[in-house]
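In this chain, residues are counted from 1 in sequence order.
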Amino acid sequence: MTSIPAFISALGRYEFLQSALLTAVMVGIMSGIVGSFIILRGMSLMGDAISHAVLPGVAVAYMLGINVLVGASVFGILAAVLIGFVATHSKIKTDTSIGVVFSAFYALGFILISMAESATNLHHILFGNILAVSDSDIMSTAIVLGLVILFVSFFYKELLITSFDETYAKTYGLKTQVLHYGLMLVLTLVTVSALQTVGIILVVAMLITPAATAFLWTDRLVTMLFLSAGIGAVSAISGLYFSYTLNWASGPAIVLMAAVLFAISFICVPKQGFLKWRKGGRPA
């Protein structure tokens with residue numbers, strides 16, 4: 001196993017490793033930020049749905065030769081609208097609507113990818129290929145990170161209110177549906193940016209696990225956002241280290257490190273951890 005100094009030395013020598021690290025850290029930060037709102041709103045299933053629903057958009061983008069962000073964003077928003085439409089205009093509950101829509105989009109994506117004869121691209125989409133990121137990938141990821149930070153900065157108060165009490169937000173006059181679909185658009189962009197690092201299958205883990213870990217440590221949203229972003233970044237760095245030194249697949253390695261941090265937090269959090277329960281206490 002390569003030592004940490006040797007890994008740092010390799011970072012200085014290999015440009016592809018530098019690009020991989022930079023992209024992974026940016027994805028970890030943006031996933032942590034957006035994921036915080038996803039779990040606070042009880043929308044983990046929606047995050048899973050969007051991450052799978054973008055597949056046909058990615059396939060169409062490959063077929064038409066356009067930027068994957070464009071195709072994936074269109075299908076991501078379309079999936080969110082369809083889920084809401086079906087749940088609103090039938091007796092079917094939201095979780096059932098999510099299952100129907102995202103599975104249909106996922107299946108359509110597989111068919112379109114097969115038609116485009118892009119088996120190699122499909123493998124990268126599903127599981128990520130962070131060591132092959134290009135300059136354009138880095139630039140698009142940086143742009144999405146900037147958009148995420150701007151969105152949260154401008155609408156922080158609105159997102160805070162709607163995340164904890166949507167009924168009050170409506171009576172207060174906030175356009176909750178506009179905020180919802182704005183968040184869905186940001187979620188879609190983050191999902192597409194994460195395709196290169198962890199792939200569609202694991203992207204929901206990066207959206208949920210760092211945020212869930214941060215949630216164990218704090219009751220304040222602003223603290224949770226910073227903690228979640230930091231945990232996402234640490235997961236990316238440590239995951240890439242083990243990927244490089246042990247020849248693990250990069251996406252699963254990053255997600256595994258995020259899960260390890262969650263497990264440690266679950267056990268050791270002072271007021272709400274498992275050890276507190278074992279000692280007969282109750283979370284504060």
L225 backbone acceptor or donor facing S228 side chain under 3.5 Å: no
Please answer whether the main-chain N or O of A20 pairs with a side-chain N or O of T23 as donor and acceptor at a distance below 3.5 Å. no
Evaluate L78 against F105 for side chain to side chain contact (heavy atoms under 4.5 Å, CB included), listing each step before the verdict. CA-CA 10 Å; L78 179 60; F105 273 54; 4.0 Å; yes
If hydrophobic clusters are built by linking Ile, Leu, Val, Met, Phe, Trp and Tyr wherever their side-chain heavy atoms come under 4.5 Å apart, do W248 and V133 end up in the same one? yes
May I ask you to test the F262-L216 pair for a side-chain heavy-atom distance under 4.5 Å? yes
Separation between CG (L145) and CE (M26), nearest 0.5 Å, reads 7.0 Å
Just wondering, do V86 and V100 contact through their side chains at under 4.5 Å, heavy atoms? no
Sub-4.5 Å side-chain heavy-atom contact between M46 and M184: yes
Over all heavy atoms of both residues, which pair between G76 and I50 is shortest? Give the atoms and the distance, please. O-CD1, 3.4 Å
Testing the basics here: between V25 and A233, what is the closest heavy-atom pair and its distance to 0.1 Å? CG1-CB, 4.1 Å
Nearest 0.5 Å, what's the CZ-CG distance between F102 and L55? 11.5 Å
Heavy-atom neighbours of R13 CZ exceed 12 at 6.0 Å: yes
Between T162 (side chain only) and L159 (backbone N and O only), is there a donor and an acceptor less than 3.5 Å apart? yes
Taking side chain as C-beta onward, heavy atoms only, is V54 less than 4.5 Å from F75? no
Donor-acceptor under 3.5 Å (D137 side chain, S134 main chain): yes
Heavy-atom side-chain contact between L189 and S73 under 4.5 Å: yes
Please determine whether the number of non-hydrogen atoms from other residues, nucleotides or ligands lying under 6.0 Å from atom OH of Y106 exceeds 12. yes
Treat each ILVMFWY residue as a node, draw an edge where side-chain heavy atoms are under 4.5 Å apart, and state whether V203 and L187 are in one component. yes
For A214 versus M224, what's the shortest heavy-atom pair and its separation? CB-O, 3.7 Å
Applying the side chain to side chain contact (heavy atoms under 4.5 Å, CB included) criterion to M206, which one of V255, V190, V34 satisfies it? V255
From CG (L202) to OG (S250), nearest 0.5 Å: 9.5 Å
What heavy-atom pair brings G32 and A211 nearest, and what distance separates the two atoms? O-CB, 4.2 Å
Decide yes or no for M43 and H180: does some side-chain heavy atom of the first lie under 4.5 Å from some side-chain heavy atom of the second? yes
Starting from L240, can I reach Y14 by hopping between I/L/V/M/F/W/Y residues whose side chains sit under 4.5 Å apart? yes
V27 and L22: same hydrophobic cluster, using ILVMFWY side-chain contacts below 4.5 Å? no
Answer whether the closest heavy-atom distance between the side chains of V222 and Y156 falls below 4.5 Å. yes
Can you measure from OG (S238) to CG (L256) and round to the nearest 0.5 angstrom? 9.0 Å
Pairwise ring-ring contact (aromatic ring centres under 6.0 Å, His included) hits with a residue in residues 30-51, at least two apart: none
List the steps, then state whether side chain to side chain contact (heavy atoms under 4.5 Å, CB included) holds for T141 with M30. CA-CA 9 Å; T141 303; M30 70 174 78; 3.6 Å; yes
Clusters formed by hydrophobic residues whose side-chain heavy atoms approach within less than 4.5 Å: which one holds V234, and what are its other members? I231, L261
Students often mix this up, so state it plainly: with edges at 30° and 60°, are the rings of Y241 and F7 parallel, tilted or perpendicular? perpendicular
Ignoring hydrogens, what is the shortest heavy-atom contact between V204 and S44? Give both atom names and the distance. CG2-O, 4.3 Å
About how many Å separate OG of S193 and CD1 of I138, when rounded to the nearest 0.5 Å? 12.5 Å
Are there over 12 heavy-atom neighbours, none belonging to F85, within less than 6.0 Å of that residue's CZ? no
With a 4.5 Å cut-off on side-chain heavy atoms, are L147 and V186 touching? no
To the nearest 0.5 Å, what is the distance between CD1 on I83 and CG on D95? 11.0 Å
Please tell me whether V178 and V148 are part of a single hydrophobic cluster in this structure, the criterion being side-chain heavy atoms less than 4.5 Å apart. no
Would you name the heavy atoms of A72 and V192 that are closest together and state the gap between them? CB-CG2, 3.0 Å
